[in-house]
Amino acid sequence: RLLEKQGTVLTVIEMRNALKEIDVDTDNRMSLIEYAVWRYKVDVNELMTRPQGISKELEAAEEKINQIQADIKKIRKYKNKWDGKKIPDSGPKKMIYDQDMNYLSLSEKNLAENLDFAMKKLNAAQNNKDLVAAGKTWWLKRELAEAKKYAAPKKKIL
């Protein structure tokens with residue numbers, strides 16, 4: 001039936017001869033891999049090791065998402081450091097607190113910029129119909145959505 005839809009209609013004798021050539025594992029059935037090997041005249045190893053089409057935009061987005069996840073871990077570390085503690089009024093602890101808060105505000109600003117960059121690259125990769133791995137794009141969009149959920153609440157530590 002597949003061969004009919006592809007426009008390669010064969011006679012019964014031609015079909016039997018083709019199936020002898022196609023059916024590698026001799027189970028009297030034609031699998032998709034067997035058909036692809038026969039149709040495109042390639043080796044099974046070559047067929048299975050071909051690139052799956054990842055674009056430069058997708059790679060850039062993945063790199064930024066990995067950086068975003070690392071930044072989120074650092075932000076959580078600094079927030080947990082001061083969570084539930086009294087804010088020092090003066091002295092070295094006050095200086096450490098101020099440094100940590102400056103680092104947090106800078107990290108959250110960078111996080112927002114990285115989220116925006118990653119979203120633009122993901123959209124560019126999705127709109128580019130050349131060699132885009134749909135599964136990888138979906139997965140990266142999901143990771144980015146989770147990162148956005150984390151970045152959304154601006155909880156002040158008091």
Side-chain angles (χ1 to χ4, degrees), residues 1-7 24-25 27 29-158:
R1 179 102 175 119
L2 174 69
L3 296 175
E4 289 175 7
K5 292 205 179 232
Q6 293 293 324
V24 177
D25 58 357
D27 62 352
R29 298 180 193 281
M30 177 175 51
S31 69
L32 180 63
I33 292 176
E34 290 171 339
Y35 172 74
V37 167
W38 175 75
R39 170 78 167 88
Y40 299 108
K41 308 290 188 237
V42 293
D43 186 44
V44 176
N45 291 333
E46 181 184 342
L47 182 69
M48 298 306 287
T49 57
R50 284 195 172 171
Q52 298 299 309
I54 297 176
S55 66
K56 290 179 184 177
E57 289 90 4
L58 201 58
E59 289 175 350
E62 182 177 20
E63 185 178 315
K64 278 295 179 188
I65 288 173
N66 290 338
Q67 184 179 350
I68 288 167
Q69 289 172 342
D71 289 346
I72 287 173
K73 285 181 183 179
K74 288 180 186 176
I75 289 170
R76 283 182 182 159
K77 174 185 163 191
Y78 278 94
K79 283 186 176 181
N80 288 339
K81 181 178 179 180
W82 293 102
D83 193 29
K85 292 185 180 178
K86 183 181 175 188
I87 299 172
D89 294 329
S90 61
K93 285 190 176 184
K94 173 67 173 165
M95 290 173 53
I96 293 171
Y97 175 80
D98 290 340
Q99 288 173 351
D100 287 348
M101 292 303 113
N102 287 338
Y103 178 80
L104 269 175
S105 65
L106 181 64
S107 294
E108 287 176 347
K109 179 184 170 197
N110 288 340
L111 181 66
E113 290 172 1
N114 288 340
L115 283 168
D116 187 45
F117 178 83
M119 183 54 87
K120 286 179 182 176
K121 288 296 182 180
L122 269 177
N123 288 337
Q126 192 171 20
N127 292 337
N128 181 8
K129 298 299 179 193
D130 293 340
L131 302 175
V132 176
K136 188 162 189 100
T137 304
W138 178 87
W139 192 258
L140 290 176
K141 278 199 174 241
R142 180 172 178 227
E143 288 180 353
L144 189 62
E146 289 174 8
K148 278 186 174 183
K149 285 179 187 176
Y150 175 80
K154 302 292 183 197
K155 180 182 175 185
K156 295 272 183 176
I157 300 174
L158 299 175

Close side-chain approach of Leu115 and Met119, heavy atoms under 4.5 Å
no

Taking the side chain as C-beta and beyond, is there a heavy-atom pair between Val37 and Asp43 under 4.5 Å?
no

Hey, what do you get for [atom1] ([X]) to [atom2] ([Y]), rounding to the nearest 0.5 Å?
X      : Y      : atom1 : atom2 : value
Leu122 : Glu143 : CG    : CD    : 9.5 Å
Asp71  : Asn114 : CG    : CG    : 6.0 Å
Asp100 : Lys77  : CG    : NZ    : 9.0 Å
Ile68  : Glu146 : CD1   : CD    : 12.0 Å
Leu104 : Arg76  : CG    : CZ    : 13.0 Å

Residues 58-70 vs salt bridge (charged side-chain N to carboxylate O under 4.0 Å, His left out), sequence neighbours excluded, gives Glu62-Lys136

Which residues pass the side-chain contact (heavy atoms from CB on, under 4.5 Å) test with Asn110, not counting sequence neighbours?
Leu106, Glu113

Check the surroundings of atom NZ in Lys41: do more than 12 heavy atoms from other residues, nucleotides or ligands lie under 6.0 Å from it?
yes

What pair of heavy atoms forms the shortest contact from Ala61 to Ala118, and how long is it?
CB-O, 3.9 Å

Pairing residues for Asn123 by the side-chain hydrogen bond (donor to acceptor under 3.5 Å, both in side chains) criterion, not counting sequence neighbours
Lys141

